[in-house]
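Got a structure here, written out as structure tokens. Questions coming.
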2 protein chains.
Amino acid sequence: MITREDVAKRAGVSVSAVSRAMNGRGYVAKDKKEAIYKAVEELGYRPNPLSNSLKNRQTYQLCFFGSDIYNSFYKELFNKMSDYAMDRGYTLFYFSNFSVDRVKTMLMDGMIVENDSVAEEVQALLGESFYMPIVTASYGVPVKNLKRIPYVDVDTYDAVELGLAYLKEMGHKKIAFATLYDFFHDSRLHPRHVAFGNQMKPVYGKQFRDYVIDNARNTRPAFARENFFEEGMSGADRFLEQNCGATAIICFNDEFALGMLRRFEQLNIRVPEDISILGIDGIENRKYVTPFLSSVSLNIGEQAECCVSTLLDMIEGRKVNYFNSFKPYLSEGNSVKKL
Amino acid sequence: MITREDVAKRAGVSVSAVSRAMNGRGYVAKDKKEAIYKAVEELGYRPNPLSNSLKNRQTYQLCFFGSDIYNSFYKELFNKMSDYAMDRGYTLFYFSNFSVDRVKTMLMDGMIVENDSVAEEVQALLGESFYMPIVTASYGVPVKNLKRIPYVDVDTYDAVELGLAYLKEMGHKKIAFATLYDFFHDSRLHPRHVAFGNQMKPVYGKQFRDYVIDNARNTRPAFARENFFEEGMSGADRFLEQNCGATAIICFNDEFALGMLRRFEQLNIRVPEDISILGIDGIENRKYVTPFLSSVSLNIGEQAECCVSTLLDMIEGRKVNYFNSFKPYLSEGNSVKKL
DNA sequence: TTGTAGGCGTTATCAA
DNA sequence: TTGATAACGCCTACAA
């Protein structure tokens, strides 16, 4: 390995001169500077980033941990966080293989976790005494025992409320909710489910059940762990079977909604003429289909930026906001018809 | 930050005693050892991995670069590589945001690139003089000007040959090839396309075109960059339109084949009773559908392991094999019928 | 069995 | 304007 000492020798100067020349701080005579650059070039010298890191106790590397970034939402979140991190001079990496030992010795300045339940697990695994800046994304009803882990929340409960309000405003009275989970018995109660229940049970009364398109039976084994798109297609079929007479469907998320769109297209059921569809998430992909999917946007960009900047606040020693939240907002497309 | 010096002071010993006690090398008296452990505990001391890295010039971190790991094949490749890396004491990270400056100062021991054309780009971007161990995966006809970058190839040309031989063995005479690209005009000629052409043109003569189900027209804008599954569904429709009388279809890859399966299921066309389907890739997900998809496996596991171990050969200074290749093999399921 | 000292590759400080 | 020198935190001969 070539060090600044080799360069110094070749250029006939001292090591500190090389240092100064390389990073533009301090004074170096012009001719010496040139000699140094020449030596650097000839020797193919490049600074060892490890030494720098040791000096300023920073790696400028961040990591994102999640069990999967293989669905559109997390993929987009990760990509946007990567961009923000890069803007601030950091590189964001993704890893999925959590090993306590390796994580404790990772050369990373901090870590972002995909959601609050995973963050809780991570916290337990790492233990109290281990310190590493961590931030988590969350989606309503954040877990309570998150110690020293700030979260950046977008409330999916609000998202559903907002979606329902919008559909009503568009003249829809009978609105179904479609999800890939077991609406009534899912151990981890999704805020989205709760929101729909709270809003619509009083309206529908005993018939509430008819307006829930869920996957309690789950006959066909999923071909992938959580294939929202495919589940959405099946959801479309189940919606037709249930025949509840709804004029609009609000979907668990966008990818699920895209699956529904696709399935309805195959069945020659027109959206939004025959049925209105509203997604939740606001992923980019909703723009690339016909009709352009209307959705309640979860503000992926804001959340991504806030996760990164909060993490950098911790790392760079600024004041940290432990509770961050963003409001979902309506992102209109062409998949909802005004009645 | 707490250093081993603080611990030494508190435990009433020297810094080197702390070192020895911490990593079990050399001698430390029992009582001192305990005092040291106690001090470590009380102070919440933990070694700075940066110092270690500086000493032994290793970070034990690897990275995988690719434009997307969001399809089943690369996702599986990445996950398997992660596992192998972990077995060997390294952590594998993924990143997608290539910045020359950042990559040059990354705290990583080496890098794996998703395929040879991306590797070529990376090589050009980093330049001759910059040294970092790099390995690339490739899939037949590896790019020629890969300098000092070993590749781990699985030949998809062979895979198609193997698939065709198998289908013939099963009594199929009329075999179609389905792809999401433009079979005849795709600028980057896929070895898979070439293999099918070489094998079947002599057989079909002028009618060859009829047996190619491709996407030259590409009317509908893809909802995602390369959504193999969805393209497979459209492919099924196109196959029916073309009505070439084939009894079997060999697909560009498994995810595409899964899309076809799904679409045929919706149309009440039975696989393999009415039509036989053969995929290429051998991804795990093919097991979770009905019927279990038959496929020519690209040996993802072997390729993943070889990528990692070749990279570690470079990093740890062993002899490196620059040309590695694995043979595809047939992985039988239930989607091909014996005629 | 212990502690001192030198080195890993840098950069910042300070005296020359 | 320059070049020793002392850190950064750790490890390991080697001397005691």
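Residue numbers begin at 1 in each chain, while the letters A, B, ... track the order of the sequences.
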Check residues 126-137 of chain B and write down every donor-acceptor pair under 3.5 Å in which the side-chain atom is one partner and the other belongs to a residue at least two apart or another chain.
residue	atom	partner	partner atom	Å
B/T136	OG1	B/V113	O	3.3
B/T136	OG1	B/N115	O	3.1

Give each protein N/O atom lying under 3.5 Å from an N/O atom of nucleotides 2-5 of chain C, with the pair distance.
residue	atom	partner	partner atom	Å
C/dT2	OP2	B/A29	N	2.3
C/dG3	OP2	B/S14	N	3.2
C/dG3	OP2	B/S14	OG	3.3
C/dG3	N7	B/S16	OG	3.2
C/dG3	N7	B/R20	NH1	3.3
C/dG3	N7	B/R20	NH2	3.0
C/dG3	O6	B/R20	NH1	2.9
C/dT4	O4	B/S16	OG	3.2

Exercise for review: Using only heavy-atom distances, determine whether the side chains of A/D153 and A/N324 contain a donor-acceptor pair under 3.5 Å.
Suggested key: no

Review point. For DNA chain D, which nucleotides open and close the run of contacts to chain B, 5' to 3', at under 4.0 angstrom from a non-hydrogen atom?
Key: D/dG9 to D/dT12

**Study point:** Pairing residues for A/Y60 by the ring-ring contact (aromatic ring centres under 6.0 Å, His included) criterion, not counting sequence neighbours
**Key:** A/Y90

Practice item. List for me each residue that meets ring-ring contact (aromatic ring centres under 6.0 Å, His included) alongside B/F95, sequence neighbours excluded, and say none if there are none. Key: A/F93, B/F65

Practice item. Any pair with a residue in residues 88-109 of chain B that passes salt bridge (charged side-chain N to carboxylate O under 4.0 Å, His left out), sequence neighbours left out, goes on the list, sorted by first then second residue, please. Key: none

Check your understanding: Separation of A/N48 atom CG from C/dC8 atom P, in whole Å?
Key -> 12 Å

Review point. Would you say the side-chain atoms of A/E114 and A/S67 include a donor-acceptor pair closer than 3.5 Å?
Key: yes

Check your understanding: Is A/S19 touching bases, backbone alone, or none of the nucleic acid, heavy atoms closer than 4.0 Å?
Key -> base

Check your understanding: Partners of B/Y45 by ring-ring contact (aromatic ring centres under 6.0 Å, His included), sequence neighbours excluded?
Key -> none

Practice item. With sequence neighbours left out, write down each residue that passes salt bridge (Lys or Arg N to Asp or Glu O under 4.0 Å) with B/R10, or none if nothing qualifies. Key: B/E42

Practice item. In whole angstrom, give the distance that lies between atom CG of A/D6 and atom C1' of C/dG9. Key: 11 Å

Point to revise | Near-strand residues of residues 49-57 of chain A, defined as heavy-atom separation under 4.0 angstrom from DNA chain D | key: A/L54, A/K55, A/R57

Practice item. Only counting residues at least two apart or in another chain, list the ones meeting side chain to side chain contact (heavy atoms under 4.5 Å, CB included) with A/D6. Key: A/I2, A/T3, A/L43

**Study point:** Of residues 101-109 of chain B, the positions that come close to DNA chain C - non-hydrogen atoms, cut-off under 4.0 Å
**Key:** none

Review point. Taking only residues two or more places apart in sequence or in another chain, which ones pass ring-ring contact (aromatic ring centres under 6.0 Å, His included) with B/F73?
Key: B/Y139

**Study point:** A/C63 side chain near A/M106 side chain, heavy-atom distance below 4.5 Å
**Key:** yes

Practice item. Taking the side chain as every heavy atom from C-beta outward, state whether A/K80 and A/E305 have any atom pair closer than 4.5 Å. Key: no

